[in-house]
K.L.:
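I have a structure I would like to understand better, so I am pasting it below and will then ask my questions one at a time.
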Amino acid sequence: MKILMVNKFLYPNGGSETYIFQLGEELQKRGHDVQYFGMEHEGRIVGNRIGCYTSDMDFHTGKLQKLLYPFKIIYSFEAKRKMGRVLRDMNPDVVHLNNINFQLTPSVIYAVRAYEKKSGRRVKLVYTAHDYQWVCPNHMMRIPSTGKICFACRDGYFGACSKNRCIHNSRVKSLLGTIEAKYYMRRRTYGMVDVIICPSEFMKRQLDTNPLLEEKTVMMHNFVQRPEKAAEREDVKMPDGAGGGKPGGAAAEKGGTEKAGDYVLYFGRFSAEKGIATLLKACEALPDIPFVFAGTGPLEEQASKVKNVENRGFVTGEALHRLIAGARFSVYPSEWYENCPFSVMESQMYGTPVLVSDLGGAPELVQAGRTGELFRGGDVEELTAHIRELWEQPEVCLAYRENCKEIKFDTIGEYCDKIVNVYNESPDGN
């Protein structure tokens with residue numbers, strides 16, 4: 001089978017890139033021809049046979065020519081043209097869309113359907129929804145300036161995006177986002193895809209509010225890598241009160257080997273929507289509990305100023321796995337509607353209970369009272385109380401850890417089996 005993966009970033013940048021790289025690799029191992037289309041970038045690690053990509057566009061650093069900005073984020077003639085070249089060369093059976101809005105734009109959907117007309121070949125068009133872009137112009141259902149959750153645009157009232165300056169806190173960019181959403185709604189563009197994969201039930205419910213999409217959505221939680229034995233922590237009885245002092249203890253000072261249960265872990269992006277400001281307030285209210293943070297982001301400086309927080313910075317690979325496995329529990333305090341975060345799954349896969357906010361799809365991944373706990377997103381007092389309670393009951397964390405061994409998230413192989421079944425269904429669903 002020939003599969004074209006489409007994503008605006010073709011270098012490691014976030015969860016959607018982790019998804020396409022690992023899925024593409026597994027499909028290739030099974031003998032499928034997998035190629036990629038997206039933006040050119042110096043960090044690009046995947047591609048297509050003819051080396052055809054769109055120009056790199058960065059909306060955050062001012063590199064984009066301002067006069068072209070309004071046109072390029074709504075409809076990209078370049079993306080449609082170059083996508084067409086790749087389609088004609090590859091002749092794919094499946095085009096699997098991921099993050100396409102703004103940099104690539106939904107013009108790539110029209111490229112696929114135009115290719116079909118000229119070639120006489122039917123292409124299965126699949127989309128994995130990594131965010132809420134198709135029902136919310138700023139893709140988060142959250143007003144950035146206030147941090148408030150918002151459903152106003154979900155029912156087609158996209159003017160709220162402009163009113164609240166939901167895109168980069170810019171009136172102009174938010175207006176463009178509103179125009180883009182209305183344009184594709186009126187053209188019924190998103191209804192042209194055959195299948196929409198939603199990585200959470202919560203995501204599916206949001207997209208199903210759009211009549212064009214509700215008959216096309218299927219729910220499939222993301223996959224997660226099974227831990228290697230070398231990265232698993234040893235069974236250690238965590239004594240009551242263990243872990244006082246510096247996070248990680250003396251072992252951490254000597255080279256990073258973690259002692260199980262000595263700290264509470266946060267790993268991920270340091271940003272407002274991830275609930276970092278709320279978590280830092282909880283850390284300050286719990287000076288006797290050591291925290292380890294791993295990641296980067298705009299609130300990194302604030303995190304480094306809290307006395308009982310050790311900021312390890314960006315950590316990946318086996319070092320991250322050991323860090324996860326060594327924590328008494330991890331915290332995922334997100335304050336937006338997360339989809340299906342890898343972090344929550346990874347924590348439990350390495351035997352570490354997780355304390356998760358009750359927003360979005362993340363709660364679907366936790367068995368509250370068995371593998372972790374839930375708290376009301378954005379509520380610092382409730383978060384603080386939960387952290388204190390879990391820290392002072394190491395025997396509960398130990399029991400949760402045992403329960404984590406029973407979790408059955410899909411492996412990449414199991415997930416790939418499901419994806420191939422989706423690909424193999426005829427475009428009319430039969």
K.L.:
Donor-acceptor pair, distance only, cut-off 3.5 Å: does the side chain of N13 make one with the backbone of F9?
P.N.:
no
K.L.:
Quick check on the 6.0 Å ring-centre criterion: do Y11 and H41 meet it?
P.N.:
yes
K.L.:
Check the pair Q348 / T371 against side-chain hydrogen bond (donor to acceptor under 3.5 Å, both in side chains), numbers first and verdict last.
P.N.:
CA-CA 7 Å; Q348 295 168 95; T371 65; 2.7 Å; yes
K.L.:
Quick one about S330 and S347 (side-chain donor to acceptor, distance below 3.5 Å, no hydrogens or angles considered), yes or no?
P.N.:
yes
K.L.:
Is it the case that R312 places NZ or CZ above or below the six-membered ring of F267, under 6.0 angstrom from the centre and within 45 degrees of the axis?
P.N.:
no
K.L.:
Are N99 and N101 packed together at the side-chain level, in the sense that at least one heavy-atom pair is separated by less than 4.5 angstrom?
P.N.:
no
K.L.:
Hey, are T178 and S162 close enough side-chain-wise for a donor-acceptor pair under 3.5 Å?
P.N.:
yes
K.L.:
For the aromatic rings, using the six-membered ring if either is Trp, is the centroid distance between Y400 and F329 under 6.0 Å?
P.N.:
no
K.L.:
Any side-chain to backbone donor/acceptor pair from E284 onto K281? Under 3.5 Å, distance only.
P.N.:
no
K.L.:
When you measure from the side chain of D194 to the backbone N and O of V126, does any donor-acceptor pair fall under 3.5 Å?
P.N.:
no
K.L.:
Restricting to pairs with a member in residues 351-375, which pass salt bridge (charged side-chain N to carboxylate O under 4.0 Å, His left out), not counting sequence neighbours?
P.N.:
R370-E406
K.L.:
Classify the side-chain pair H32/Y423 by whether it contains a donor and acceptor separated by less than 3.5 Å.
P.N.:
no
K.L.:
With F158 as reference, evaluate C166, C136, C153 under the side chain to side chain contact (heavy atoms under 4.5 Å, CB included) test and give the passing residue.
P.N.:
C153
K.L.:
Check E335 with K274, please: is the shortest side-chain N to carboxylate O separation under 4.0 Å?
P.N.:
no
K.L.:
Kindly give the heavy-atom pair with the smallest separation between R30 and G413, and that separation in Å.
P.N.:
NH2-O, 2.8 Å
K.L.:
At their closest point, which heavy atom of R269 faces which heavy atom of P298, and how far apart are they?
P.N.:
NH2-CD, 3.5 Å
K.L.:
Check whether any side-chain heavy atom of P333 lies under 4.5 Å from a side-chain heavy atom of F375, and answer yes or no.
P.N.:
yes
K.L.:
Going by the rule side-chain hydrogen bond (donor to acceptor under 3.5 Å, both in side chains), which residues pair with R49 if we only count those two or more places apart in sequence or in a different chain?
P.N.:
D89
K.L.:
Is there a donor-acceptor pair closer than 3.5 Å between any side-chain N or O of S200 and the backbone N or O of C340?
P.N.:
no
K.L.:
Backbone N or O of V380 within a donor-acceptor pair of the T384 side chain at under 3.5 Å?
P.N.:
yes
K.L.:
Are Y75 and F77, when compared by the centres of their aromatic rings, separated by less than 6.0 Å?
P.N.:
yes
K.L.:
Please test Q367 against N403 for side-chain hydrogen bond (donor to acceptor under 3.5 Å, both in side chains), starting from the C-alpha separation and ending with a verdict.
P.N.:
CA-CA 9 Å; Q367 298 175 25; N403 295 334; over 6 Å; no
K.L.:
Verify the neighbour count for atom CD of Q28: are there more than 12 heavy atoms of other residues, nucleotides or ligands below 6.0 Å?
P.N.:
yes
K.L.:
Might you work through the ring-ring contact (aromatic ring centres under 6.0 Å, His included) test for Y157 and F151, ending with a clear yes or no?
P.N.:
CA-CA 9 Å; Y157 177 65; F151 290 99; over 10 Å; no
K.L.:
Could you pull out the closest heavy-atom pair between G351 and P353, with the gap in Å?
P.N.:
O-CD, 3.7 Å
K.L.:
Going from OG1 on T54 to CZ on R81, what distance comes out if it is rounded to the nearest 0.5 angstrom?
P.N.:
10.5 Å
K.L.:
Evaluate side-chain hydrogen bond (donor to acceptor under 3.5 Å, both in side chains) for S16 paired with N98, printing each intermediate quantity in order.
P.N.:
CA-CA 7 Å; S16 63; N98 290 272; over 6 Å; no
K.L.:
Could you tell me which non-hydrogen atom of N311 sits nearest to which non-hydrogen atom of G295, and how far apart they are?
P.N.:
OD1-O, 4.2 Å
K.L.:
Can any side-chain N or O of N48 pair as donor or acceptor with the backbone N or O of V86 at less than 3.5 Å?
P.N.:
no
K.L.:
For the pair E338 (side chain) and S334 (backbone), establish whether a donor and an acceptor sit closer than 3.5 Å, ignoring hydrogens and angles.
P.N.:
no
K.L.:
Please answer whether the main-chain N or O of N210 pairs with a side-chain N or O of R154 as donor and acceptor at a distance below 3.5 Å.
P.N.:
no
K.L.:
Would you mind checking if R205 and E201 are paired as a salt bridge, meaning a charged N to carboxylate O distance below 4.0 Å?
P.N.:
no
K.L.:
With a cut-off of 6.0 Å (strictly less than), are more than 12 heavy atoms of other residues, nucleotides or ligands near CZ of R85?
P.N.:
no
K.L.:
Judged by atom type as modelled, is there a donor-acceptor pair below 3.5 Å linking the side chain of T217 to the main-chain atoms of I196?
P.N.:
no
K.L.:
Could you report the tightest heavy-atom contact between M345 and F223, atom names first, then the distance?
P.N.:
CE-O, 3.6 Å
K.L.:
Indicate yes or no: at least one non-hydrogen side-chain atom of N308 is less than 4.5 angstrom from one of P290.
P.N.:
no
K.L.:
Within this structure, what is the CG-CD1 distance for the pair L27 and I20, rounded to the nearest 0.5 Å?
P.N.:
12.0 Å
K.L.:
Consider only side-chain N and O atoms of H130 and Y19, and report whether a donor and an acceptor are under 3.5 Å apart.
P.N.:
no
K.L.:
How are the rings of Y132 and F202 set to each other: parallel, tilted or perpendicular (split at 30° and 60°)?
P.N.:
perpendicular
K.L.:
Shortest non-hydrogen contact from M192 to L125?
P.N.:
O-CD2, 4.0 Å
K.L.:
Determine whether the aromatic ring centres of residues Y415 and H221 are separated by less than 6.0 angstrom.
P.N.:
no
K.L.:
Measure the spacing between CG of N339 and CG of N222 and express it to the nearest 0.5 Å.
P.N.:
7.0 Å
K.L.:
Using the side chain to side chain contact (heavy atoms under 4.5 Å, CB included) definition, which of the options V306, V315, L280 pairs with F293?
P.N.:
L280
K.L.:
Determine whether the aromatic ring centres of residues W134 and Y184 are separated by less than 6.0 angstrom.
P.N.:
no
K.L.:
So do the side chains of E215 and D208 get within less than 4.5 Å of each other, counting heavy atoms only?
P.N.:
no
K.L.:
Going from CH2 on W336 to CE on M140, what distance comes out if it is rounded to the nearest 0.5 angstrom?
P.N.:
5.0 Å
K.L.:
Decide, yes or no, whether a salt bridge links R113 with E116 under the criterion of side-chain N to carboxylate O below 4.0 Å.
P.N.:
yes
K.L.:
Less than 4.5 Å apart, side chain to side chain, heavy atoms only: is that true for S357 and L374?
P.N.:
no
K.L.:
Nearest 0.5 Å, please: how far is CD in Q35 from CD1 in I3?
P.N.:
11.0 Å
K.L.:
Can you check side-chain hydrogen bond (donor to acceptor under 3.5 Å, both in side chains) on T189 and Y183, steps first, answer last?
P.N.:
CA-CA 9 Å; T189 304; Y183 175 74; over 6 Å; no
K.L.:
Quick test of your reading of the model: are K418 and E414 salt-bridged, counting only N-O distances below 4.0 Å?
P.N.:
no
K.L.:
Sub-3.5 Å donor-acceptor pair from the side chain of N138 to the main-chain atoms of R142, do we have one?
P.N.:
yes
K.L.:
Under 4.0 Å between a side-chain nitrogen and a carboxylate oxygen: does that hold for R121 and D93?
P.N.:
yes
K.L.:
Look up atom CD1 in I100 and atom OH in Y127, then write down how far apart they are to the nearest 0.5 Å.
P.N.:
6.5 Å
K.L.:
Any donor-acceptor pair under 3.5 Å linking the side-chain atoms of S271 with those of E273?
P.N.:
yes
K.L.:
Assess whether a salt bridge exists between R44 and E42, defined as any Lys/Arg side-chain N lying under 4.0 Å from an Asp/Glu carboxylate O.
P.N.:
no
K.L.:
Pairing donors with acceptors under 3.5 angstrom, does anything connect the side chains of E78 and S55?
P.N.:
yes
K.L.:
Taking the basic N atoms (NZ, or NE/NH1/NH2) and the acidic carboxylate oxygens, is any pair closer than 4.0 Å for D56 and K8?
P.N.:
no
